[in-house]
2 protein chains.
Amino acid sequence: MDQIDRKILAALQDNGRMKIADLAEAVGLSPTPCARRVANLEDRGVISGYSARVNQAEVGLPVTIFVAVELERQSTEALQAFEAAVRRFDQVMECYLMTGSRDILLRVVARDLTDFDQFLEHRLMRVPGIRNTRSSFTLRTMIDRNQLPLG
Amino acid sequence: MDQIDRKILAALQDNGRMKIADLAEAVGLSPTPCARRVANLEDRGVISGYSARVNQAEVGLPVTIFVAVELERQSTEALQAFEAAVRRFDQVMECYLMTGSRDILLRVVARDLTDFDQFLEHRLMRVPGIRNTRSSFTLRTMIDRNQLPLG
DNA sequence: GGAAAATCGTGGATCAGATCGATCGCAAGA
DNA sequence: TCTTGCGATCGATCTGATCCACGATTTTCC
């Protein structure tokens with residue numbers, strides 16, 4: 001994992017469909033070793049895949065809500081059960097286990113507030129073992145970077 | 001934006017490098033109109049680009065922290081100034097303007113807690129106009145989906 | 001109901017890019 | 001000095017993208 005690998009990752013985060021020839025030129029290699037490095041990064045799992053970046057608003061999901069969930073119990077089993085339940089909710093884009101009171105933080109997307117309310121009432125709140133939840137609504141996404149800092 | 005477009009988006013979110021022929025088969029079209037639809041989605045900005053998914057831990061950034069920032073003033077100018085400042089910090093992956101007390105929420109990545117402390121002290125806290133900050137540390141990423149729900 | 005527009009399917013041709021193997025050069029380390 | 005690893009270059013081959021033309025089907029709208 002040297003400087004050239006980092007350049008490759010930066011370039012492919014920006015444009016995951018870049019041609020090998022262009023990528024090679026961008027990082028200062030010839031195409032053959034450049035392709036070898038990309039294949040290596042994929043095999044080692046540094047690159048776990050490629051995705052189209054889809055505009056949330058354009059597909060009718062303009063609303064983002066963060067939900068902090070506190071569980072009644074913090075055992076491994078309770079966490080696993082909660083994770084399995086939440087994994088079935090496709091509105092939940094991210095789920096983090098937090099330090100401190102062992103909260104859980106969810107990032108949820110929705111069509112509108114009514115849609116989110118449906119999610120909360122009929123899906124999330126029906127998961128057993130939740131002590132309480134606190135929802136924080138976003139007004140606007142100011143920054144959404146897709147480039148990890150690789151300096 | 002019909003059901004086929006949604007299938008295309010779902011498939012390309014999962015694998016942004018899928019061949020047109022395979023994509024066409026997956027969504028039940030022949031390659032020619034399938035390519036046409038993809039080009040349309042790109043032109044309309046529904047697909048804003050393609051990215052390699054890079055494993056955060058594998059590039060030495062295993063730590064994710066959410067930072068809630070409260071500004072002293074909530075004017076448009078103050079927000080713009082804050083946004084411009086934060087945009088220069090490449091550790092900040094996401095930045096949301098929140099409802100309520102007009103907080104701001106940041107998702108920050110770091111090599112370790114020392115690295116995060118450096119960021120906090122030497123970068124974020126030097127931005128003028130911050131009343132206070134509250135950092136929440138993640139222990140583990142339970143779910144990180146890259147598929148918007150398109151049903 | 002009917003005409004117009006949009007969309008799809010197929011086939012063929014062309015072109016760009018990926019891939020692979022072989023060979024060579026260079027530099028670091030044993 | 002010899003080995004090893006990495007990159008550069010070249011040529012051959014294969015795959016996939018793109019574009020065209022044509023006919024058929026579906027949808028939309030009057």
Side-chain angles (χ1 to χ4, degrees), chain A residues 1-62 111-112 115 146-151, chain B residues 1-62 111 146-151:
Chain A
M1 174 68 69
D2 57 10
Q3 198 54 34
I4 295 181
D5 281 339
R6 273 185 270 272
K7 279 191 190 176
I8 288 175
L9 292 174
L12 287 180
Q13 279 186 99
D14 187 52
N15 178 8
R17 279 189 161 180
M18 190 174 280
K19 310 292 179 199
I20 289 291
D22 297 338
L23 179 60
E25 194 189 343
V27 306
L29 280 183
S30 71
T32 306
C34 181
R36 203 155 49 208
R37 280 169 180 266
V38 172
N40 267 337
L41 291 167
E42 291 168 354
D43 292 345
R44 283 156 46 200
V46 181
I47 295 175
S48 61
Y50 298 87
S51 290
R53 292 194 298 266
V54 174
N55 187 322
Q56 237 181 276
E58 289 286 332
V59 293
L61 295 165
R111 288 195 291 277
D112 49 42
D115 183 38
N146 49 284
Q147 287 270 120
L148 288 167
L150 307 165
Chain B
M1 174 69 70
D2 58 9
Q3 198 54 36
I4 294 181
D5 281 339
R6 272 184 271 270
K7 278 191 191 176
I8 288 174
L9 292 174
L12 286 180
Q13 279 186 98
D14 186 53
N15 179 5
R17 277 189 162 179
M18 189 175 280
K19 312 292 178 199
I20 288 292
D22 297 339
L23 179 60
E25 193 189 343
V27 305
L29 280 183
S30 71
T32 306
C34 181
R36 209 156 41 210
R37 279 170 180 266
V38 172
N40 268 336
L41 290 167
E42 290 168 354
D43 291 345
R44 283 156 47 201
V46 181
I47 295 175
S48 62
Y50 299 87
S51 289
R53 292 194 298 266
V54 174
N55 187 321
Q56 238 182 274
E58 288 285 333
V59 293
L61 296 164
R111 288 195 292 277
N146 49 285
Q147 287 270 118
L148 288 168
L150 307 166

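Values in this document were obtained by computation on a predicted structure and should not be read as measured data. Quick note on labels: first sequence line is chain A, next is B, and so on, each numbered from 1.
In this structure, B:M1 atom CE and C:dT7 atom P are separated by 14 Å, rounded to whole Å. Remark: P of D:dT27 and CD of B:Q3 are 15 Å apart, rounded to the nearest angstrom. In this structure, B:R17 places its CZ atom 14 Å from P of C:dG17, rounding to the nearest Å. The CE atom of A:M18 sits 17 Å away from the C1' atom of C:dA16 (whole-angstrom rounding). In this structure, CD1 of B:I20 is placed 15 Å from P of C:dA18, rounded to the nearest angstrom. Separating the NZ atom of A:K7 from the P atom of D:dG7 is a distance of 13 Å, rounded to the nearest angstrom. A:L29 places its CG atom 16 Å from the C1' atom of C:dG25, with the value rounded to the nearest Å. Residue B:E25 contributes atom CD, which lies 17 Å from atom C1' of C:dC8 at whole-angstrom precision.
The side chain of B:K19 sits closest to D:dG16 out of D:dG16, D:dG7, C:dG9.
Among the protein residues, B:R37 comes within range of the sugar-phosphate backbone only, with heavy atoms under 4.0 Å from sugar or phosphate atoms but none that close to a base.
Across A:E42 and B:R17, no two heavy atoms sit closer than the pair OE2-NH1, 3.8 Å. Taking all atoms of both residues into account, the shortest heavy-atom contact from B:Q13 to B:R53 is O-NH1, 3.5 Å.
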- Task: Please step through side chain to side chain contact (heavy atoms under 4.5 Å, CB included) for the pair B:D2 and B:R37, ending with a clear verdict.
- Result: CA-CA 11 Å; B:D2 58 9; B:R37 279 170 180 266; 3.0 Å; yes
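In this model, the phosphate group of D:dC6 is not approached by any side-chain N or O of A:R36 to a distance below 4.0 Å at OP1 or OP2.
Within the model, atoms CE of B:M1 and CD1 of B:I8 stand 9.5 Å from one another, a figure rounded to the nearest 0.5 Å.
Nearer to the 5' terminus of DNA chain C, by closest-nucleotide assignment, is the contact made by B:D2 (compared with the other of A:T32 and B:D2).
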